[in-house]
*Asks:* 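Mind having a look at this structure? Questions to follow.
Below, chain A is the first sequence line, B the second, and so on; all start at residue 1. From a predicted model like this one, the values you see are computed outputs, not experimental measurements.
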Amino acid sequence: MEHKLVIYNTLSRKKEQFIPINPPHVGMYVCGPTVYGDAHLGHARPAITFDILFRYLKYLGYKVRYVRNITDVGHLVNDADEGEDKIEKKARLEQLEPMEVVKYYTDRYHYNMKQLNTLPPSIEPTASGHIIEQIEMVKKIIEHGYAYESDGSLYFDVEKYNKKYHYGKLSGRRIEELMKNTRDLAGQEGKKNQFDFALWKKADPKHIMHWPSPWSEGYPGWHLECSAMGAKYLGEEFDIHGGGMDLLFPHHESEIAQANAATGHDPVKYWMHNNMITINGQKMGKSLNNFITLNEFFSGEHPALDRAYPPMVIRFFILQAHYRSTLDFSTDALKAAEKGMKRLFDALEILDELKPQEKSSFDIKKIESDCYAAMNDDLNTPVAIAHLFELARLIHLVNDGKESLSKTDIQYTQQFVSYFLKEILGLTPEHQKEDDKLIDYLMETILEVRKEAKEKKDYATADKIRQELAKLNIQIKDTKDGARWSFD
RNA sequence: GGUACCGUGGCCGAGUGGCUAGGCGGAGGUCUGCAAAACCUUAUACAGCGGUUCGAAUCCGCUCGGUACCUCCA
């Protein structure tokens, strides 16, 4: 496959040429949400980042299997709620069955992801549906001697593991430092070392989410589901594993350890991590309680928001920053994104109306290759978008007669911009005006009436039409060649 | 305390040795019944100090400031 896609591998801390293990197939696993609350802006980032990667890999011609899990068991709340499962806690509060909570938030997550125009993953496994696979994996880890039992719970023996492998290779940590510096937390009884992590936890009697296992009635450890399900659907070694930077340690580090302990080799070739979205310079997150949910963005119902912001604005906002940089949220930044995106779609629309010239005064293929070059450089969407803005400027200049495009180049540009915007970046205009003949006809009629009013210098009527349509978010622009309209 | 990362103009954000992205906003102008859009021009920048270099926002050192991870987190 002829391309030069380079991606940043957290494992090597370098950009590396992407070479799949079994071309043309690519296996890609991304950590999905824990479904105990509505998705917030932070959840949109990995979803969109890896959606771009999924789309781009397919564009490059790969057959991609994209696996994104739903975590519906297992994570502990915090030391104060020791032993209590997140899902279960919420269930008790709301007097619902745990699986009812899971279903409710999973559906809402799916709906939000659709609104953001992310493609659904190829497989979306749940942790609760893979208890058997997780137990089997624990058995292998025990067989190889890297787990120990303590009062019905099983822990991973990090110290022993580290003698043969390197616990900390992904996150850049050393076990000696972990020994000294791991925080003192409650609920560590039964562990040989503080940094050992649970593979299987025995459920206390109040705990209502539990499954039988050879060791106890209990539930799987925090990191096990991704290891087990990744191996099941993508093989013991697969190409790409993605997720938020906050999962780097201990989650992904422990996934590597579990896989090595079970199979004797690393599970993943390229580890990719998206950075955080910040609000007032601070990470937006569940624990800090400073998050804004996607539904709140879409409805405008949040004290920090002055109005609603549509899903595509959120998507464009996220794509205007590189995925490995932090992105600071503010309504000003969102508004800037909104206007910028509109500018791109406006340019795409006026392409239809350009008057072709004999020759083109600029090289559209150069701009196209610049856009793809940016994508090849570790998915540099902000740079790709900057090239599209440059093209938008040129398109307007053609419209003003200051630059020119030939007929074939106009068609080429149309195809390229439309494809790149919609298929590669996954951006769609809020309103698809072209496929509604009724609206087209109505608008034509209205604009004709307005034109007649203007000819009679009846500006009161002309302005009234413009004002009334503005209430429907329809914008009228008078140009030399007559009035144009668009959805705002 | 340990580890890692970051500090770019009013805001968001690319850029990792010379060619000084981009968007939004500001100012001035062209066009226009007005408005909007578009176009043109323009201002505002690389946290501070020192070093390497012919040349540094970019490399090195120190200082200051910030963030993330070390506990569930996208």
*Asks:* Describe the nucleic acid contact of G172(A) in one word from base, sugar-phosphate, nothing, applying a heavy-atom distance below 4.0 Å.
*Replies:* sugar-phosphate
*Asks:* Taking the same atom, C1', in rG7(B) and in rU63(B), what whole-Å distance lies between them?
*Replies:* 14 Å
*Asks:* Starting from the 5' end of RNA chain B, give me the residue, R466(A) or F316(A), whose nearest nucleotide shows up first.
*Replies:* F316(A)
*Asks:* How far apart are the closest heavy atoms of H223(A) and E255(A), and which atoms are they?
*Replies:* O-CG, 3.8 Å
*Asks:* Taking atom C1' in both rA57(B) and rC69(B), what distance in whole Å separates the two?
*Replies:* 28 Å
*Asks:* Between rA21(B) and rG15(B), how far apart are the P atoms? Round to whole Å, please.
*Replies:*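 Those two atoms are separated by 13 Å.
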*Asks:* Would you kindly give the CD-to-P distance between Q282(A) and rU67(B), to the nearest whole Å?
*Replies:*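 So the CD-P distance, Q282(A) to rU67(B), works out to 7 Å.
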*Asks:* With heavy atoms under 4.0 Å as the rule, sort M341(A) into base, sugar-phosphate or nothing.
*Replies:*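 It contacts nothing in the nucleic acid.
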*Asks:* Do any side-chain atoms of residues 310-317 of chain A form donor-acceptor pairs under 3.5 angstrom with protein atoms, and if so which ones, sequence neighbours left out?
*Replies:*
{"residue": "R315(A)", "atom": "NE", "partner": "L425(A)", "partner atom": "O", "Å": "2.9"}
{"residue": "R315(A)", "atom": "NE", "partner": "G426(A)", "partner atom": "O", "Å": "3.1"}
{"residue": "R315(A)", "atom": "NH1", "partner": "D51(A)", "partner atom": "OD2", "Å": "3.2"}
{"residue": "R315(A)", "atom": "NH1", "partner": "L116(A)", "partner atom": "O", "Å": "2.9"}
{"residue": "R315(A)", "atom": "NH1", "partner": "N117(A)", "partner atom": "O", "Å": "3.1"}
{"residue": "R315(A)", "atom": "NH2", "partner": "D51(A)", "partner atom": "OD2", "Å": "2.8"}
{"residue": "R315(A)", "atom": "NH2", "partner": "L425(A)", "partner atom": "O", "Å": "2.9"}

*Asks:* To the nearest Å, how far apart are D346(A) CG and rC39(B) P?
*Replies:*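 Spelled out: CG on D346(A) to P on rC39(B) is 10 Å.
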*Asks:* Which is true for L248(A) with a 4.0 Å heavy-atom rule: it touches a base, it touches only sugar-phosphate, or it touches nothing?
*Replies:*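 Contact class for L248(A): none.
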*Asks:* Quantified in whole Å, what is the P atom distance between nucleotide rA4(B) and nucleotide rA43(B)?
*Replies:* 42 Å
*Asks:* Tell me, please, whether F389(A) has R393(A) positioned over its six-membered ring: NZ or CZ under 6.0 Å from the ring centre and within 45 degrees of its axis?
*Replies:*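 No cation-pi geometry.
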*Asks:* Salt-bridge test for R466(A) and D463(A): reply yes if a basic N is under 4.0 Å from a carboxylate O, no otherwise.
*Replies:*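 So R466(A) pairs with D463(A) through a salt bridge.
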*Asks:* Enumerate all atom pairs, one protein N or O and one N or O from nucleotides 24-29 of chain B, separated by less than 3.5 Å.
*Replies:*
{"residue": "rG25(B)", "atom": "OP1", "partner": "K339(A)", "partner atom": "NZ", "Å": "2.5"}

*Asks:* Using only heavy-atom distances, determine whether the side chains of Y29(A) and D239(A) contain a donor-acceptor pair under 3.5 Å.
*Replies:* no
*Asks:* Tell me, please, whether Y36(A) has K286(A) positioned over its six-membered ring: NZ or CZ under 6.0 Å from the ring centre and within 45 degrees of its axis?
*Replies:*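 Pair K286(A)/Y36(A) counts as cation-pi.
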*Asks:* Can you give one letter per nucleotide of nucleotides 13-21 of chain B, going 5' to 3': B for a protein heavy atom under 4.0 Å from the base, S for sugar-phosphate only, - for none?
*Replies:* SSS-----B
*Asks:* What is the distance, rounded to the nearest whole Å, between atom CG of L247(A) and atom P of rA68(B)?
*Replies:*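 So the CG-P distance, L247(A) to rA68(B), works out to 15 Å.
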*Asks:* Between S128(A) and D72(A), is there a side-chain donor-acceptor contact under 3.5 Å, judged purely by atom types and distance?
*Replies:* yes
*Asks:* Just jot down the ring-ring contact (aromatic ring centres under 6.0 Å, His included) partners of Y8(A), sequence neighbours excluded, or say none.
*Replies:* none
*Asks:* Distance-only check: which donor-acceptor pairs under 3.5 Å involve side-chain atoms of residues 379-388 of chain A, not counting sequence neighbours?
*Replies:*
{"residue": "N380(A)", "atom": "OD1", "partner": "V383(A)", "partner atom": "N", "Å": "3.4"}
{"residue": "T381(A)", "atom": "OG1", "partner": "L319(A)", "partner atom": "O", "Å": "2.7"}

*Asks:* Centre of F249(A)'s six-membered ring, under 6.0 Å away, within 45 degrees of the axis: is that where NZ or CZ of R173(A) sits?
*Replies:*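 R173(A) over F249(A) ring: yes.
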*Asks:* Pick base, sugar-phosphate or nothing for I385(A), based on heavy-atom distances below 4.0 Å to the nucleic acid.
*Replies:* nothing
*Asks:* Output yes when E338(A) and K335(A) qualify as a salt bridge under the 4.0 Å nitrogen-oxygen rule, no when they do not.
*Replies:*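 Salt bridge absent between E338(A) and K335(A).
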*Asks:* Please report the distance separating the C1' of rA45(B) from the corresponding atom of rU58(B), rounded so that it comes out in whole Å.
*Replies:* 14 Å
*Asks:* Please report the distance, rounded to the nearest Å, between CG in N275(A) and P in rA4(B).
*Replies:*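 Nearest whole value for this atom pair: 16 Å.
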*Asks:* Just the rounded figure in Å: distance from C1' of rC70(B) to OH of Y167(A).
*Replies:* 10 Å
*Asks:* Quiz question: going by heavy-atom distance under 3.5 Å, is there a donor-acceptor pair between the base of rC34(B) and the side chain of D478(A)?
*Replies:*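 Pair found.
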*Asks:* Quick one: are L248(A) and W271(A) in side-chain contact, heavy atoms under 4.5 Å?
*Replies:* no
*Asks:* R173(A) side chain: which of rC39(B), rG33(B), rC70(B) is closest?
*Replies:*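 Of the options given, the side chain of R173(A) lies nearest rC70(B).
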*Asks:* Identify whether any heavy atom of K286(A) sits under 4.0 Å from a base atom; if not, whether one sits that close to sugar-phosphate; answer base, sugar-phosphate or nothing.
*Replies:*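 Answer is nothing: K286(A) stays at 4.0 Å or more from every strand.
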*Asks:* Is it the case that rC40(B) (base atoms only) and K402(A) (side chain only) share a donor and an acceptor within less than 3.5 Å, ignoring hydrogens and angles?
*Replies:* no
*Asks:* D196(A) has an atom CG; how far is it from atom C1' of rU71(B), in whole Å?
*Replies:*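 Answer to the nearest Å: 15 Å.
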*Asks:* Tell me the interatomic distance from Q467(A), atom CD, to rC34(B), atom C1', rounded to whole angstroms.
*Replies:* 11 Å
*Asks:* Please work out if M276(A) contacts a base, only the sugar-phosphate, or nothing of the nucleic acid, heavy-atom cut-off 4.0 Å.
*Replies:*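 Base, at least one base heavy atom under 4.0 Å.
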*Asks:* Taking CG from L288(A) and C1' from rA68(B), how many angstroms apart are they, rounded to a whole number?
*Replies:*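 Going from CG in L288(A) over to C1' in rA68(B) covers 11 Å.
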*Asks:* Between F297(A) and F329(A), does the ring centroid distance fall short of 6.0 Å?
*Replies:*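 Distance test on ring centres: under 6.0 Å, yes.
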*Asks:* Reading RNA chain B 5' to 3', how would its secondary structure be written in dot-bracket notation, given Watson-Crick and G-U pairs with both distances under 3.5 Å, brackets [ ] for crossing pairs and | for partners on other strands?
*Replies:* ((((((((.[[[)....(...]]].(((((.......)))))....[[[[[..)....]]]]])))))))....
*Asks:* So, is R484(A) close to the rA38(B) phosphate, meaning a side-chain N or O under 4.0 Å from OP1 or OP2?
*Replies:*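 So the side-chain polar atoms of R484(A) never come under 4.0 Å of the phosphate oxygens OP1 or OP2 of rA38(B).
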*Asks:* Nearest nucleotide by nearest heavy atom, which residue falls closer to the 5' end of RNA chain B, H43(A) or F249(A)?
*Replies:* F249(A)
